[in-house]
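Data first, discussion second: the structure below is written as structure tokens.
Chain naming here is simple, since letters A, B, ... match the order of the sequence lines and numbering starts at 1 in each.
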There are 2 protein chains.
Amino acid sequence: MYMQRDVFQAIADPTRREIIDLLAGQSLPVKDVASNFEMSRPAVSKHLKILDECGLVVIRKKGRKRLYRSDPRKLQEVAEWTARYRRFWSQKLDALEAALAEEDNQNE
Amino acid sequence: MYMQRDVFQAIADPTRREIIDLLAGQSLPVKDVASNFEMSRPAVSKHLKILDECGLVVIRKKGRKRLYRSDPRKLQEVAEWTARYRRFWSQKLDALEAALAEEDNQNE
DNA sequence: TAAATTAGTAACCATGCGGTTACGTAAATA
DNA sequence: TATTTACGTAACCGCATGGTTACTAATTTA
């Protein structure tokens, strides 16, 4: 894992999105996170490391345990990017098709 | 490119996000899309293919040109997922830190 | 009709990704 | 103190990813 990650890449993996969902509202040690998935604990550990590098989780040491919890604030970047296109699904009139029809009329 | 793609994966690549931005509000042939990036036309063609497979662009044939345009409606899925965490950045009181402090008080 | 333009795709390549097992270490427990 | 538990990480592996160049086909233009 050498690449510089951003939040968009972090949430591209469905397992990591599930982890974020799982750890929203509760702190869990790695072992308990891993028990929710059909993969080895080290695999989950790697996903948690990526989420940590992106600032999407917070960690608190508790004895030999590491308590992970979601910190979804960085998701704001994603939310803001998608929000720019909100009108495309929130408008009653289908904006895209209307625009395309307009282009066709202009024989673009 | 054999994998089944979802929207989250499609927007993980920064070039593809730029293409979506570029093609929002205007239709462009592949050549003109490619001229906006420092990579070959076939590379851009591949990105466009992925975006098409995810339904994030629409294509209209116009002679030997293919006019691409963004269809951002599928981004709603992403917007809805992030919206579940909106309170983490929209609240004045930092919800996460408050929750963590509460946990610590309980000596969890 | 011949040449140029536009675009898709095949073949290839280096690197990244997501998983595994094996191992080391720190902390808790018997 | 010896053992067990929790965790991180190194090493490895197969496949995906994202780029390239070379080629082909379709359409437009000279």
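The base of D:dA6 has none of its N or O atoms less than 3.5 Å from a complementary donor or acceptor on the side chain of A:Arg66. If you check distances only, the side chain of B:Arg64 does reach the base of D:dT27 with a donor-acceptor pair under 3.5 Å. A donor and an acceptor atom sit less than 3.5 Å apart, one in the side chain of A:Arg41 and one in the base of D:dG8. Between the base of C:dG8 and the side chain of B:Lys46 there is no donor-acceptor pair shorter than 3.5 Å.
Neither OP1 nor OP2 of D:dA16 sits under 4.0 Å from any side-chain N or O of B:Arg5. Between B:Ser45 and C:dA7 there is no side-chain N or O to OP1 or OP2 distance below 4.0 Å. For the OP1/OP2 pair of C:dC17 and a distance below 4.0 Å, the side-chain nitrogens and oxygens of A:His47 include no atom meeting the criterion. Phosphate proximity of C:dG16 to A:Gln9: absent, as no side-chain N or O sits under 4.0 Å from OP1 or OP2. Contact annotation: B:Ser40 reaches the phosphate of D:dT20 (side-chain N/O to OP1 or OP2, under 4.0 Å).
In the set D:dG19, C:dT20, D:dT9, D:dT9 carries the atom at the smallest distance from any side-chain atom of A:Lys49.
Of all non-hydrogen atoms in A:Ala10 and A:Ile50, the two that sit nearest each other are CB-CG2, 4.5 Å. The shortest non-hydrogen separation linking A:Leu23 to A:Leu28 is CD2-CB, 3.7 Å.
Checking each of B:Arg17, B:Gln9, B:Arg16 against B:Asp13 for a side chain to side chain contact (heavy atoms under 4.5 Å, CB included) leaves exactly one that passes, namely B:Arg16. For the side chain to side chain donor-acceptor pair (under 3.5 Å) with B:Gln76, the lone residue among B:Lys74, B:Glu80, B:Arg73 that qualifies is B:Glu80.
For B:Lys31 and D:dT28, the NZ to C1' distance is 13 Å, given to the nearest whole Å. Look at NZ on B:Lys62: it is 14 Å from P on C:dA7, rounded to the nearest Å. Nucleotide D:dG8 holds its C1' atom 14 Å from the CD1 atom of A:Ile50, rounded to whole Å. Atom C1' of nucleotide C:dA7 and atom CG of B:Leu48 are separated by 11 Å, given to the nearest angstrom. Regarding A:Met39, its CE atom lies at a distance of 17 Å from the C1' atom of D:dC7, rounded to whole Å. The interatomic distance linking B:Arg16 (CZ) with D:dT17 (P) rounds to 8 Å, in whole Å. Computed from coordinates, the B:Leu28 CG to C:dA7 P distance equals 10 Å when rounded to whole Å. Rounded to an integer number of Å, the gap from A:Glu18 CD to C:dG18 C1' is 15 Å.
Base contact: A:Pro42 has a heavy atom under 4.0 Å from a base atom. When heavy atoms are screened at a 4.0 angstrom cut-off, A:Tyr68 is found touching the sugar-phosphate backbone but no base atom.
For the pair A:Val78 and B:Val78, the minimum side-chain heavy-atom distance is below 4.5 Å.
Aromatic ring pairs are classed by plane angle as parallel below 30°, tilted from 30° to 60° and perpendicular above 60°; the pair B:Trp81 and B:Tyr85 is perpendicular.
With the nearest nucleotide of DNA chain C identified for both A:Gly63 and A:Ala12, A:Ala12 has the one nearer the 5' end.
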